[in-house]
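Below you'll find the structure, written out as structure tokens, and then a few comments.
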2 protein chains.
Amino acid sequence: MVNRSCIIRLSRYRNALIRLKALNFVKVFSENLADAARVTAVQVRKDFSLFGICGNRRGGYLIDELIAQTSAILGKDKVQKFIVVGIGNIGRALLNYPGFRRSEIEIVAGFDVNPAKCDKEALIPILPFEEMGDFVAQNGITFGIISVPDSAAQEVLERMLEAGIKGILNFAPICLKEPKDHVVRNLNLETELENIIYFANFAEQTERE
Amino acid sequence: MVNRSCIIRLSRYRNALIRLKALNFVKVFSENLADAARVTAVQVRKDFSLFGICGNRRGGYLIDELIAQTSAILGKDKVQKFIVVGIGNIGRALLNYPGFRRSEIEIVAGFDVNPAKCDKEALIPILPFEEMGDFVAQNGITFGIISVPDSAAQEVLERMLEAGIKGILNFAPICLKEPKDHVVRNLNLETELENIIYFANFAEQTERE
DNA sequence: CGTTTGATGTGAAATTTTTCACATAAATGG
DNA sequence: CCATTTATGTGAAAAATTTCACATCAAACG
Ligand SMILES: NC(=O)c1ccc[n+]([C@@H]2O[C@H](COP(=O)([O-])OP(=O)(O)OC[C@H]3O[C@@H](n4cnc5c(N)ncnc54)[C@H](O)[C@@H]3O)[C@@H](O)[C@H]2O)c1
Ligand SMILES: NC(=O)c1ccc[n+]([C@@H]2O[C@H](COP(=O)([O-])OP(=O)(O)OC[C@H]3O[C@@H](n4cnc5c(N)ncnc54)[C@H](O)[C@@H]3O)[C@@H](O)[C@H]2O)c1
């Protein structure tokens with residue numbers, strides 16, 4: 001089945017492919033992609049098999065073809081527009097990041113309740129939060145990022161859904177509910193760090209035994 | 001088995017518990033935690049069972065006890081010290097975030113190769129990268145965050161490992177290898193967004209069918 | 001031009017993770 | 001103080017995911 005992990009791996013393969021292409025590689029083997037994505041070669045082939053992606057028996061895969069195929073699956077055939085709500089530390093980091101454009105992801109506007117943060121003339125305009133609904137409707141935005149304090153996250157989510165946004169990445173440390181036919185991914189950095197702390201301690205313990 | 005997802009859930013439970021405690025709740029039921037962490041109630045109880053955490057039959061769990069037990073598992077009994085390498089957009093957002101301190105995570109210093117970014121006098125000092133090894137050794141640092149450009153990430157990782165760091169969160173869009181007895185978590189924001197794009201499109205497709 | 005070699009592709013097996021089903025115990029209430 | 005209610009705890013079943021084993025095909029080579 002095509003699940004979250006599978007798509008994460010597909011993104012990683014694609015990422016590696018683009019790097020390999022930049023090095024003028026033409027062919028790639030499942031083993032190579034496995035190394036890059038930190039999985040097994042069988043996993044790579046199984047993933048491809050799931051999407052009907054075929055290589056050349058004995059000859060590996062042609063990088064150009066693979067990039068085209070994975071790009072199509074991941075929706076890289078067109079620029080995907082995002083907005084960011086909450087232009088604080090995280091929000092600003094995202095707006096300032098030039099790397100997204102390379103991968104057909106475009107942050108088209110930021111929104112904030114604080115008028116001091118707003119700047120309609122900026123390269124990526126930062127607009128008052130109350131204008132979000134209209135902006136999303138007029139510009140056909142499908143995706144949003146929530147980087148407001150946790151207390152405001154649920155409210156922002158609801159407004160985004162009303163406005164017609166379908167996919168959301170949430171940085172606030174609270175698990176937002178995923179409504180039907182929508183995608184909400186809760187990314188909690190503290191949780192990620194706690195995970196690392198746990199397993200680093202665990203590794204140490206098993207080492208001692 | 002205690003795996004990554006299980007610990008992520010445990011963090012989420014703990015997060016919810018702290019919120020409930022702030023609202024003066026004393027007891028909590030597996031159902032409540034399930035709502036907060038977006039899982040099933042059985043999953044919550046199964047997770048607890050794995051760690052030998054017991055509640056009161058019919059009476060749910062005492063919040064104070066649960067917080068104590070989950071905190072112990074997640075290493076919240078002491079402050080966990082982190083350093084951040086690469087004080088750009090992301091690195092600075094992390095240094096500026098006051099929320100970590102609430103959860104016993106302390107960022108004690110930043111490091112950068114660019115002298116213009118350094119500031120020894122800041123609340124959280126930003127030091128030259130070449131001082132990292134000594135600093136880590138002298139201050140007994142176990143954890144690090146990599147927020148340098150992808151081209152520098154592998155090099156930074158190796159230096160961190162040499163210095164004795166055991167657990168690392170990597171923001172660079174490249175899959176760093178996890179050496180034995182160490183924990184390396186590769187967090188790729190583009191990949192996360194691509195995931196959302198894929199599943200939002202998918203949800204749309206199934207909707208139409 | 002047949003044989004060997006080496007990588008892919010994929011059902012089946014193994015493993016992991018989640019869910020089910022229900023035994024168990026504590027509170028409630030008649 | 002016994003019956004009932006209700007939430008926990010967990011072995012067993014189910015489902016999901018990964019790994020294995022090997023058939024398959026294409027290139028290379030003698
Ligand atoms: N900065 C970090 O490193 C970090 C780490 C972990 C988690 N987080 C989480 O990410 C989120 C953002 O963090 P941050 O450090 O950027 O916060 P921040 O306080 O720097 O910025 C939040 C921004 O949201 C705006 N805002 C508040 N309510 C709003 C609303 N209803 N609509 C629109 N805008 C609103 C504020 O004006 C502010 O500009 C928070 O939930 C935080 O807990 C951040
Ligand atoms: N900013 C974002 O929103 C965003 C989004 C996705 C991914 N990322 C990734 O996160 C990482 C950091 O992003 P950013 O926007 O903060 O980058 P940035 O360019 O703003 O900052 C990088 C910092 O690292 C420092 N640096 C470079 N080489 C170093 C070295 N060897 N040792 C120590 N410091 C070094 C630079 O001086 C700079 O201050 C990058 O890998 C980027 O691809 C960032």
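Bear in mind that the values here come from a model prediction, so they are computed numbers and not experimental data. Each chain gets a letter, A, B and so on, in the order its sequence line appears, and its residues count up from 1.
With salt bridges taken as basic N to acidic carboxylate O contacts below 4.0 Å, none links B:Asp35 and A:Lys177. The existence of a salt bridge linking A:Glu178 and B:Arg38 is excluded, since no basic side-chain nitrogen approaches an acidic carboxylate oxygen closer than 4.0 Å. The residues B:Glu106 and B:Lys78 are annotated as not salt-bridged, no charged nitrogen and carboxylate oxygen being separated by less than 4.0 angstrom.
Computed from coordinates, the A:Ile7 CD1 to D:dT17 C1' distance equals 15 Å when rounded to whole Å. Computed from coordinates, the A:Lys27 NZ to C:dA7 P distance equals 11 Å when rounded to whole Å. For the pair B:Lys46 NZ and D:dG11 P, the interatomic distance rounds to 7 Å; values are reported in whole Å. Following rounding to the nearest Å, B:Arg45 (CZ) and D:dG11 (P) show an atom-to-atom distance of 14 Å. Going from atom CG of B:Leu33 over to atom P of D:dA7 covers 14 Å, rounded to whole Å. Per the geometry, CG belonging to B:Asn32 stands 10 Å off P belonging to D:dA7, to the nearest Å. Between the CD1 atom of A:Ile8 and the P atom of D:dT17 there is a distance of 13 Å, rounded to whole Å. Going from atom CD1 of B:Ile53 over to atom P of D:dA7 covers 20 Å, rounded to whole Å.
Residue-level contact check: B:Gly59 touches neither bases nor backbone, having no heavy atom under 4.0 Å from any strand. Looking at heavy-atom distances under 4.0 Å, B:Cys6 makes no contact with the nucleic acid at all.
In this structure, of D:dG9, D:dT6, D:dC20, it is D:dG9 that holds the atom nearest to the side chain of B:Tyr61. Candidate nucleotides D:dA12, D:dT8, C:dT10 were compared by shortest atom distance to the side chain of B:Phe29, and D:dT8 ranks first.
OP1 or OP2 of D:dT17 has at least one side-chain nitrogen or oxygen of A:Asn3 nearer than 4.0 Å. Contact check, B:Arg57 against D:dA7: no side-chain N or O comes under 4.0 Å of OP1 or OP2. B:Arg9 has a side-chain polar atom (N or O) that falls below the 4.0 Å cut-off from OP1 or OP2 of C:dT18. For the OP1/OP2 pair of C:dA25 and a distance below 4.0 Å, the side-chain nitrogens and oxygens of B:Arg58 include no atom meeting the criterion. Phosphate proximity of C:dT19 to B:Gln43: present, with a side-chain N or O under 4.0 Å from OP1 or OP2.
For B:Phe51, the CZ atom sits in a packed shell: over 12 heavy atoms of surrounding residues, nucleotides or ligands are nearer than 6.0 Å. Heavy-atom neighbours of B:Arg101 CZ from other residues, nucleotides or ligands within 6.0 Å: at or below the threshold of 12.
The side-chain contact (heavy atoms from CB on, under 4.5 Å) test with B:Leu157 is passed by exactly one of B:Val148, B:Ile168, B:Ile165: B:Ile168. A side-chain contact (heavy atoms from CB on, under 4.5 Å) with B:Tyr13 is found for one member of B:Leu74, B:Val28, B:Val39, B:Leu66 and no other, namely B:Val39.
For the pair A:Asn56 and A:Ser5, both in contact range of DNA chain D, the more 5′-proximal nearest nucleotide belongs to A:Ser5. Remark on DNA chain C: of its neighbouring residues A:Cys54 and B:Val42, the 5'-side contact belongs to A:Cys54, judged by nearest-heavy-atom nucleotide.
Within the helix from C:dC1-D:dG30 to C:dG30-D:dC1, the inter-axis angle between the opening and closing five-pair segments is 10°, rounded to 10°.
For residues 140-172 of chain B, every residue pair satisfying the ring-ring contact (aromatic ring centres under 6.0 Å, His included) rule, not counting sequence neighbours, is listed here: B:Phe82-B:Phe143.
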